[in-house]
Each structure stands twice: as C-alpha cells, then as structure tokens.
Amino acid sequence: RSSDLQSMPTVRHQKGKKVPPLNDLVGKHLPSFGPYFAEREKVIANYKAKINPADEFEPEKHRPAYQPAKPIEKIKDVLGLALPHIGAYGDLDNTQQAVALIDEEMCINCGKCYMTCNDSGYQAITFDSERHLPRVTDDCTGCTLCVSVCPIIDCIKMVPRTTPYEPRRGIPLGAA
C-alpha cells in the first residue's frame, strides 16, 4: 500500500475467522441462524476435516511492522489540497454513482444495515424474512449509511452503479 492513507482490503472473514467457500461447497448461501445454522455447521465441519486447520484458520505467525513505500505527509503538506476540487453541484458528474454490495458469506445477519437504511436512509435494503439476509434494491443512492453501521469490516462495499439512478421524489412536476 502507498501512503495515500487507505487501508489494505480486509481478508474475507466472519467474527475474525476466515470464511470457508460455502457458496462453492453448497451452491447456495446459508445464513447463520435457525435450521440453516445446523446445515452450515455440518458443511463447515466437513470442510475443516479435509483441510489442515493450521494452514487455513490460523492468523499469521509474524506480522511485520508497516513500512510505508514513501514518507507519510505532514498535516501542513496536505492542508488545503482538496480546495481546488470543491465546486457547485452542477459541476458534478451524476453518471459516477456507487451502490452498496453486501457479501452474504461475511454477513452475520445482525440487521443493522437494514434498520439504518429503513430509519435514516432510502429504504433500499430489504431483509429476507426466512434467511435473514439483507439485499440491496435499485433504490440505493450510495449514501454509505449501511457501511458505517456494519460491525464486520468490508462486509459491505460500495461498487459502481451499473444502471442509471432515477430518483422517485413524490409527485412528478406538472402532474398537479
């Protein structure tokens, strides 16, 4: 990583442990609760029996200290660098939009993203009542509220929107 102050991507995990490739093993996503939990545990146990746990589920033995590729800037060197990028709303490129993408294997089914989006956002996340897995709908505006409340780092990522966003804001103009 460079000194652009960005973190490296997090290894896929759930509660601190690496995520076994359940989608490849079962062919579907299995939630971590109810009748699915028993099936999930059985699949994971069979997977672990076939692998060497020391290779797959142990943390690195030695983590070297971070050595930046170039010197980290001082505050006085970066102060004001964003000022040339501040402009009017009309100057924004509205075609560059992002939406949330939830990694179902990393999700612990807590529902925080759903509650936050429903209460403070755009009601763009639905929650499967049977499997308790969140799903992002086309109503997502890319506000990142769900990312900020998710307890699992990198479980929710923002990815470029593939379809144009058509806001639905009540009564259309000229309809009165």
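Quick caveat, the model's predicted, so the values are computed rather than measured.
- Annotation: the span from Glu73 atom CD to Leu79 atom CG amounts to 13.0 Å, rounded to 0.5 Å.
- Here Ile108 contributes atom CD1 and Lys112 contributes atom NZ; the two are 7.5 Å apart, rounded to the nearest 0.5 Å.
- Under the 4.5 Å side-chain heavy-atom criterion for Ile, Leu, Val, Met, Phe, Trp and Tyr, Ile156 and Phe127 are members of the same hydrophobic cluster.
- Side chains of Thr126 and Pro134 form no contact here, defined as non-hydrogen atoms less than 4.5 Å apart.
- One hydrophobic cluster, built from ILVMFWY side chains closer than 4.5 Å, holds both Val136 and Val147.
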Step-by-step side chain to side chain contact (heavy atoms under 4.5 Å, CB included) determination, Cys150 to Cys113:
CA-CA 6 Å; Cys150 182; Cys113 58; 5.7 Å; no
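- Although no hydrogens or angles enter the test, the distance criterion places no donor-acceptor pair under 3.5 Å between the side chain of Asn118 and the main chain of Gln123.
- Taking SG from Cys110 and CE from Met115, the interatomic distance works out to 6.5 Å, rounded to the nearest 0.5 Å.
- A continuous path of ILVMFWY side-chain contacts below 4.5 Å connects Tyr36 to Val43, so both sit in one hydrophobic cluster.
- The NZ atom of Lys157 sits 6.5 Å away from atom CE of Met106, with the distance rounded to the nearest 0.5 Å.
- The side-chain heavy atoms of Val159 and Val99, taken from C-beta on, include a pair separated by under 4.5 Å.
- The distance from the SG atom of Cys140 to the OH atom of Tyr122 is 10.0 Å, given to the nearest 0.5 Å.
- The two residues Glu105 and Arg40 make their nearest non-hydrogen contact at O-NH2, 3.7 Å.
- Side-chain N or O atoms of Ser148 include one that pairs as donor or acceptor with a backbone N or O of Leu145 at under 3.5 Å.
- Atom OH of residue Tyr114 and atom CG of residue Asp128 lie 11.5 Å apart, to the nearest 0.5 angstrom.
- No side-chain heavy atom of Ile125 sits less than 4.5 Å from a side-chain heavy atom of Arg135.
- Side chains of Cys146 and Thr116 form no contact here, defined as non-hydrogen atoms less than 4.5 Å apart.
- With contacts defined as side-chain heavy-atom distances shorter than 4.5 Å, the pair Cys107/Ile152 does not qualify.
- Applying the 6.0 Å contact sphere to CG of Asp77 captures more than 12 heavy atoms from other residues, nucleotides or ligands.
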